[in-house]
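Quick note on labels: first sequence line is chain A, next is B, and so on, each numbered from 1.
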There are 2 protein chains.
Amino acid sequence: MAKVLASYKEEINQQKIPSGQKKVLLAGLKLFSEKGFHATTTAEIAHEASVSEGTIYKYFKSKDDLLTKLLNPLLKEVQENFFVQLNDYQDLSKLVAFVVEDRVHFLLINFDFFSLFFQELLTNQNMLNLIKKYVAGEKGVLAYCQNLQHRFTEINQKLTPVQILRILISPMLAYVIQVKLFNLKAADDSADMTLLKRQISANLTD
Amino acid sequence: MAKVLASYKEEINQQKIPSGQKKVLLAGLKLFSEKGFHATTTAEIAHEASVSEGTIYKYFKSKDDLLTKLLNPLLKEVQENFFVQLNDYQDLSKLVAFVVEDRVHFLLINFDFFSLFFQELLTNQNMLNLIKKYVAGEKGVLAYCQNLQHRFTEINQKLTPVQILRILISPMLAYVIQVKLFNLKAADDSADMTLLKRQISANLTD
DNA sequence: GTCTATAGCGCGATAGAC
DNA sequence: GTCTATCGCGCTATAGAC
């Protein structure tokens, strides 16, 4: 199966929108993720994008609007693809292998987005509530984890949906932080990926 | 062995410093962790602490100074105790049990500090460099992980120090985020703690 | 030890020329 | 579609009274 989640920056570049708008989006993503939303000034964004501040407000009605227009499209894509596309797999270890390969790759190439998202999650109640619904809601991630547990009898049936989610996400999260934030990349990174898969499989089934 | 890491807020309260200074420290911790450093104004801190803005600048020469004086003491304590005090354990499963019990407890009762710390880690190069040194430096955390691997032959000797650190930290991190950020606390939380210990032990040795 | 009053300016945002 | 010029608020920080 091909990768389903792509580079967000490429996607911005491919859109048919004025070049000024593109440059502002990319500059906003870069500076918000590196310094934080409130620590970044519109003057800095304008300079990074090589446009004037007036141009920013031509396309975005406020600084908040720029943040929203940055986060929403990718949030939508993640919500639609991060978990849902796993129904074709009949074999648990293959499913885990795909999830690790695809999602780690996605998180690595979109780490700036991820950093910005995480900052918002920690400081913005609206963002937190949105994600809470995505996790615990009707057809949310937890319901999906329960589904997985039913489909694969190898999974320890005593695990709760939350525990399954934690087992899936936490090693990938930690790996991405290790590599992108701390620059601690192993000489052989495929060995790390293999370890992630083995640990997730073991923790799900033991 | 008794808990070695305590509540940071209690520690502030027990210090022999003017009550205004205490109130400002606690208000700063609360607001910075909830809204972020740059999103919090000194007027809000003054209001939350029920003091005037003048009082803030009596004790802290700048807003940045308040942040520094909040983070430094606890950073120091963590650096000195988070990993180092594990040398008395001869039994790996007991060591893991202690680490999980003690550190999860610490992270839960100091989650506001942890949230603030994580925000800084993502947006502040100085903080990141400080932690990088603490992790990779001479007598850093990674060296300590290597030490653990030598002391306990049950640990998979093919694991790298970074992998050992990841195995130790990532499940606890995810658990704390689950409980404090998403309010997803299991009916029986001791079952979750047991699971954490079992998974960490299994992942270290398999 | 804490407050009131205020300085000073950086910031987000807008209007209008080109 | 982009820029220049500018407004006015809200922020950090200070001075000095009590």
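Between A:Tyr57 and C:dA15, a side-chain N or O to OP1/OP2 separation shorter than 4.0 Å is absent. The shortest distance between the side-chain N/O atoms of A:Ser52 and the OP1/OP2 oxygens of D:dT2 is not below 4.0 Å. Applying the 4.0 Å criterion to OP1 and OP2 of C:dG12, one finds that A:Thr42 has a side-chain N or O inside that range.
Taking atom CD of residue B:Glu44 and atom P of nucleotide D:dT12, one finds them 8 Å apart after rounding to whole Å. Whole-Å rounding puts the B:Tyr59 OH to C:dT2 C1' distance at 7 Å. Nucleotide D:dT14 holds its P atom 15 Å from the CZ atom of B:Phe60, rounded to whole Å.
At the heavy-atom level, B:Lys63 lies under 4.0 Å from the strands shown only through sugar-phosphate atoms. Using a 4.0 Å heavy-atom cutoff across all strands shown, B:Gly20 reaches sugar-phosphate atoms only and no base atom.
Residues B:Asn203 and B:Gln199 bring no donor and acceptor atom of their side chains to less than 3.5 Å of each other. With hydrogens and angles left out, the side-chain atoms of A:Ser62 and A:Asp64 include no donor and acceptor closer than 3.5 Å. Inspection of the A:Gln119 and A:Ser115 side chains reveals an N or O donor paired with an N or O acceptor under 3.5 Å.
Under a 4.0 Å N-O distance rule, the pair A:Lys133/A:Glu138 does not qualify as a salt bridge.
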